[in-house]
Amino acid sequence: QVQLVESGGGLVQPGGSLRLSCAASGLTLGYSYIGWFRQAPGKAREGVARISSSDDITHYVDSVKGRFTISRDNARNTVYLQMNSLLPEDTAHYYCVIDLSTRGSSWFPFSAIGKHWGQGTQVTVSS
């Protein structure tokens with residue numbers, strides 16, 4: 001069974017940086033993408049970034065382009081989200097998510113179909 005465990009969240013001032021980590025285990029089946037989505041109170045889930053399993057192609061939601069970078073360490077089965085120049089509107093619960101669907105499902109906008117995620121980690125950007 002796939003398990004995703006996130007870490008690295010916290011409280012940071014606007015303009016600051018955080019790096020989220022996601023340790024993946026149980027990846028016995030193929031997948032198309034692994035990445036992150038976020039959800040703020042009262043708002044819908046929002047796909048943030050994804051990286052493909054085959055060729056490391058990355059995609060980002062427009063609001064984080066140029067500020068966030070997704071990467072992975074295959075040897076450690078770990079995915080990272082480096083977040084720079086954080087804004088108050090980045091405040092949300094961030095979840096590591098893997099797309100196990102055979103045809104792939106939407107990330108932007110985010111669809112939960114075929115996806116599995118962890119418990120998440122809270123990111124709060126505030127002065």
Side-chain angles (χ1 to χ4, degrees):
Q1 185 173 351
V2 174
Q3 282 194 317
L4 303 170
V5 179
E6 303 93 334
S7 61
L11 173 64
V12 63
Q13 292 186 341
S17 298
L18 283 174
R19 188 176 81 155
L20 306 184
S21 299
C22 170
S25 61
L27 293 175
T28 57
L29 299 177
Y31 64 94
S32 55
Y33 290 96
I34 189 167
W36 299 85
F37 77 90
R38 64 188 179 186
Q39 189 166 25
K43 293 190 176 181
R45 299 183 185 112
E46 179 183 47
V48 175
R50 70 178 186 179
I51 184 167
S52 67
S53 63
S54 57
D55 50 16
D56 286 350
I57 290 177
T58 59
H59 300 95
Y60 300 89
V61 67
D62 285 346
S63 60
V64 308
K65 287 179 181 176
R67 300 188 298 121
F68 291 11
T69 303
I70 188 171
S71 62
R72 64 179 184 172
D73 182 338
N74 289 333
R76 298 183 179 183
N77 280 337
T78 302
V79 177
Y80 303 98
L81 185 67
Q82 178 66 43
M83 306 186 294
N84 299 327
S85 302
L86 282 161
L87 304 169
E89 48 262 46
D90 294 317
T91 296
H93 209 74
Y94 285 70
Y95 298 85
C96 181
V97 55
I98 191 166
D99 190 343
L100 299 174
S101 59
T102 53
R103 296 186 178 183
S105 67
S106 176
W107 284 69
F108 315 105
F110 187 80
S111 169
I113 296 174
K115 294 187 176 72
H116 175 82
W117 54 84
Q119 294 298 309
T121 185
Q122 178 66 31
V123 171
T124 302
V125 184
S126 175
S127 55

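- Counting all heavy atoms, side chain and backbone alike, G120 lies closest to H93 at C-NE2, 3.3 Å.
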task: List the steps and the verdict of side chain to side chain contact (heavy atoms under 4.5 Å, CB included) for S63 and E89.
output: CA-CA 10 Å; S63 60; E89 48 262 46; over 6 Å; no

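- Proximity of a side-chain donor or acceptor of T91 to a complementary backbone N or O of V125 within less than 3.5 Å is detected.
- Cation-pi check for K115 over F110 is met; the charged atom lies under 6.0 angstrom from the ring centroid and within 45 degrees of its normal.
- Using a 4.5 Å cut-off between side-chain heavy atoms of Ile, Leu, Val, Met, Phe, Trp and Tyr, with links allowed through other members, L18 and V61 fall into the same hydrophobic cluster.
- Contact between A49 and L81 at its shortest, heavy atoms only, is CB-CD1, 4.1 Å.
- Separation of atoms CH2 (W117) and SG (C96) is listed at 12.0 Å; rounding is to 0.5 Å.
- A distance-only check finds a donor-acceptor pair linking the side chain of S52 to the backbone of D56 [under 3.5 Å].
- In terms of modelled atom types and a separation under 3.5 Å, the side chain of S111 and the main chain of S105 share no donor-acceptor contact.
- Expressed to the nearest 0.5 Å, how far CH2 of W107 lies from CH2 of W36 amounts to 10.5 Å.
- Separating the CZ atom in R45 from the CD atom in Q39 is a distance of 5.5 Å, to the nearest 0.5 Å.
- Between the side chain of T121 and the main chain of E6, no donor-acceptor pair closer than 3.5 Å is present.
- The number of heavy atoms from other shown groups lying within 6.0 Å of CD (Q3) does not exceed 12.
- Between R67 and D90 there is a salt bridge, since at least one side-chain N of the basic residue sits less than 4.0 Å from a carboxylate O of the acidic one.
- V64 and M83 fall within a single hydrophobic cluster, where Ile, Leu, Val, Met, Phe, Trp and Tyr are joined by side-chain heavy atoms under 4.5 Å apart, directly or via other members.
- Put simply, the side chain of D62 does not reach to within 4.5 Å of the side chain of F108, judged on heavy atoms.
- Counting heavy-atom neighbours within 6.0 Å of I113 CD1, excluding the residue itself, gives a total of 12 or less.
- Evaluation of the side-chain hydrogen bond (donor to acceptor under 3.5 Å, both in side chains) rule for N74 yields R72 as partners, not counting sequence neighbours.
- Residue L100 holds its CG atom at 9.0 Å from CD1 of I34, rounded to the nearest 0.5 Å.
- Connection of Y95 to Y80 is not established within any shared hydrophobic cluster, with ILVMFWY side chains joined at heavy-atom distances below 4.5 Å, either directly or through further cluster members.
- Here Q82 contributes atom CD and F68 contributes atom CZ; the two are 9.5 Å apart, rounded to the nearest 0.5 Å.
- In this structure, OH on Y33 lies 10.5 Å from CD1 on I51, to the nearest 0.5 angstrom.
- The shortest distance between side-chain heavy atoms of V79 and I98 does not fall below 4.5 Å.
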